[in-house]
Amino acid sequence: MGKNLAKTVVQATGLPQNPVEKELQSLLVKHGTSPEDLTLDQLRDVMAEYLQTVFLEIAEQENLSA
């Protein structure tokens, strides 16, 4: 899958590709992989951790606003 998987994910977001590509690349490097070597299982792990981080940041912002 590799690079095609990463490209498909970036395109599927519907967001501007350049910032999404950079963010995904950063996440993959943090997890010790690259777009060329990306598997579906790795993508699941990376995205689950990313979403958890985003949700925690949102919760913290809401707590600061309250």
Side-chain angles (χ1 to χ4, degrees):
M1 275 185 211
K3 195 166 191 157
N4 289 335
L5 177 58
K7 186 174 184 171
T8 299
V9 169
V10 169
Q11 291 174 343
T13 67
L15 299 170
Q17 287 191 5
N18 192 36
V20 175
E21 283 177 0
K22 287 181 181 180
E23 184 72 13
L24 181 58
Q25 176 70 27
S26 174
L27 292 168
L28 295 178
V29 167
K30 181 179 172 185
H31 283 83
T33 191
S34 68
E36 292 81 15
D37 300 322
L38 184 63
T39 66
L40 192 53
D41 286 336
Q42 289 171 320
L43 177 62
R44 286 183 187 120
D45 291 343
V46 168
M47 295 312 297
E49 184 176 320
Y50 180 71
L51 289 173
Q52 186 175 29
T53 301
V54 169
F55 291 149
L56 288 173
E57 289 175 2
I58 291 170
E60 287 174 7
Q61 289 297 321
E62 288 177 354
N63 287 337
L64 292 175
S65 299

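Heavy atoms only: backbone and side chains are in, while hydrogens, waters and symmetry mates are out.
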For residues 8-27, run the donor-acceptor check on the side chains, cut-off 3.5 Å, and write out each pair with its distance to 0.1 Å, sequence neighbours left out.
residue	atom	partner	partner atom	Å
Thr8	OG1	Asn4	O	2.8
Thr13	OG1	Val10	O	2.8
Thr13	OG1	Leu15	N	3.1

- Query: By side-chain contact (heavy atoms from CB on, under 4.5 Å), which residues pair with Asp41, not counting sequence neighbours?
  - Reply: Thr39, Arg44
- Message: Please tell me whether Leu40 and Met47 are part of a single hydrophobic cluster in this structure, the criterion being side-chain heavy atoms less than 4.5 Å apart.
- Response: yes
- The reported gap from CG in Leu38 to OG1 in Thr33 (rounded to nearest 0.5 angstrom) is 5.5 Å
- Enumerate the residue pairs fulfilling salt bridge (Lys or Arg N to Asp or Glu O under 4.0 Å) with a member in residues 10-20, sequence neighbours excluded, ordered by first and then second residue. none
- Message: Filter on salt bridge (Lys or Arg N to Asp or Glu O under 4.0 Å), then keep only pairs touching residues 49-66, sequence neighbours left out; what's left?
- Response: Lys30-Glu49
- Shortest non-hydrogen contact from Val46 toward Leu28: CG2-CD2, 4.1 Å
